[in-house]
Amino acid sequence: MIIRLSKRLEQFPEYIFTRLNRTIAEVEKASGRKVLNLGMGTPDVPPSAEYLAKLGEFVKSPEAPLYPGYGASREFREALQAWYKTRFNVTLAPDELYPLLGAKDGTGHLPLALLDEGDEILTPDPGYPGFSGPVGMIGAVPVYYRLTEANDFKIDIAELEKKVTKKTKGIWVNFPSNPTGQVATLEELRPLVAFAKKHGICILYDNAYAEITFGGYKAPSILEIEGAKDVAVELGSFSKMYSFAGFRMGWIVGNRDIVAALAKVKSQTDSGLSTPLQKLGAYALSHPDAEWSKEMLKSYEERRDIIGKHIAKLGLTFAVPKGGLYLWAKIPESAKDSETFCAELLTKKQIVLTPGTAFGASGERYVRVSICANIDKIDEYF
Ligand code: MLT
């Protein structure tokens, strides 16, 4: 029997890292050698021992295996409210926040809450592929705005003015940026809030890398801008901040109408963030392990520099990122294109990089290099 699948499946690609992981498995089988995986950004610094011990306690409590109910537990809500106040001086009302099953739960489901077929959403190019896929899935249209080297990978409002139409409902914004590593100051974000208000569109601000910054730089929250909550929501992630990626924990904060709309969608697609994980999130947010965070950043910074030295030998050039977990590097002029460059590196040297085109057309002639990888044997690969 031929299974008749949905036409919708043709409207979006399979996620880049699902594809890449399959290719990696094939290459490892064919070469008999483990690849050096500088592809997906998987935070790999072991989490704080204190938090893991707490999680061990939390899973043993009698309510741990029960459905957690919908939305935030009181502990989770209060801890996130207190953290936002201390970290950003932003006050959140109880209905201005919601726990997520990772920030990707937000990027995946917000389009369902905001967009109808044919609606448009401004989307960074290059940008996180999780922004555009789910938009295409529901028949809405990502309209790409470019983050170019000439513009220091910053947003050009004049370009947005040209691309906004009557169908535009919102804009995806992500700083510290995956993949470019560029950051944005509040002064740079202010005109964006004004732009969104002028056109009656919302801002979906992905702040997943807010706590992964280097050289003393501190990333802001867009909600620090007065009146931002009229138009903006912000996604946060426990994955990068605490190395909890596999636990799938995140949050959305900001505009209460958007938060409620996403909660309605999620009421049909999942049954809430589990009680032990909400307890863990609340505990981590209210018991910072400053020593662990310092070491985590140091580890990425050291690996960033070691990996940087090695990829320079391949003719790759890049600016040192101010935040995030990646080097956004230009391929040599002699290389055909970024896909070919990565494919050859994988078959010839068993090194995995992500082709820049996985992040949009403007990623051509770039590759993204993850700095969270085991590099104990890096000398053997270069
Ligand atoms: C990345 O590698 O871009 C992310 O951090 C992991 C993901 O794809 O969600």
Side-chain angles (χ1 to χ4, degrees), residues 12-24 35-45 47 100-111 123-137 142 147 153 172-183 204-214 219 235-252 296-297 299-300 303-304 307 311 318 321-329 338 342 346 351-360 362-363 366-375:
F12 63 97
E14 186 182 20
Y15 195 60
I16 172 71
F17 296 111
T18 326
R19 258 189 293 145
L20 203 56
N21 287 349
R22 226 178 8 247
T23 312
I24 290 171
V35 301
L36 176 66
N37 194 345
L38 308 176
M40 190 169 171
T42 306
D44 63 347
V45 174
L100 299 178
L101 314 184
K104 200 170 174 185
D105 183 15
T107 56
H109 288 125
L110 275 167
T123 306
D125 169 19
Y128 177 58
F131 295 147
S132 50
V135 170
M137 199 184 293
L147 300 173
F153 300 110
W172 276 114
V173 182
N174 166 229
F175 294 107
S177 157
N178 174 10
T180 72
Q182 184 52 286
V183 295
L204 309 179
Y205 194 78
D206 176 6
N207 211 0
Y209 294 88
E211 304 311 304
I212 310 291
T213 54
F214 307 110
L235 297 176
S237 170
F238 289 86
S239 303
K240 279 86 189 179
M241 184 173 169
Y242 298 113
S243 284
F244 288 168
F247 296 160
R248 309 313 304 133
M249 301 163 63
W251 66 76
I252 183 168
M296 177 264 293
L297 290 176
S299 163
Y300 290 137
R303 285 188 274 171
R304 181 194 70 192
I307 292 170
I311 62 166
F318 53 90
K322 300 190 186 78
L325 290 170
Y326 316 101
L327 297 169
W328 185 238
S338 62
C342 291
L346 184 56
I351 298 171
V352 181
L353 307 182
T354 312
T357 43
F359 304 90
S362 301
Y366 287 88
V367 290
R368 194 193 76 169
V369 186
S370 166
I371 59 171
C372 40
N374 184 330
I375 54 164

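Below, each value reflects all heavy atoms present in this structure, side chains not excepted, and no hydrogens, waters or symmetry copies. Numbering of ligands and ligand atoms starts at 1, following listing order.
Partners of Arg248 under the salt bridge (charged side-chain N to carboxylate O under 4.0 Å, His left out) rule, at least two apart in sequence or in another chain, do not exist in this structure.
When each of Tyr128, Tyr205, Phe131 is paired with Trp172, the ring-ring contact (aromatic ring centres under 6.0 Å, His included) condition holds for Phe131 and for no other.
The closest side-chain heavy-atom distance from Asn178 to Lys240 is not below 4.5 Å.
To the nearest 0.5 angstrom, Asn37 atom CG is 4.0 Å from Ile24 atom CD1.
Under the 30°/60° scheme for interplanar angles, the aromatic rings of Phe17 and Tyr15 are found to stand perpendicular.
For the pair Arg368 and Phe359, the cation does not sit on the ring face, since its NZ or CZ is not both under 6.0 Å from the ring centre and inside 45° of the axis.
Around ligand 1 you find Tyr15, Phe17, Met40, Gly41, Tyr128, Asn178, Tyr209, Lys240, Tyr326, Arg368, each with a heavy-atom distance below 4.0 Å.
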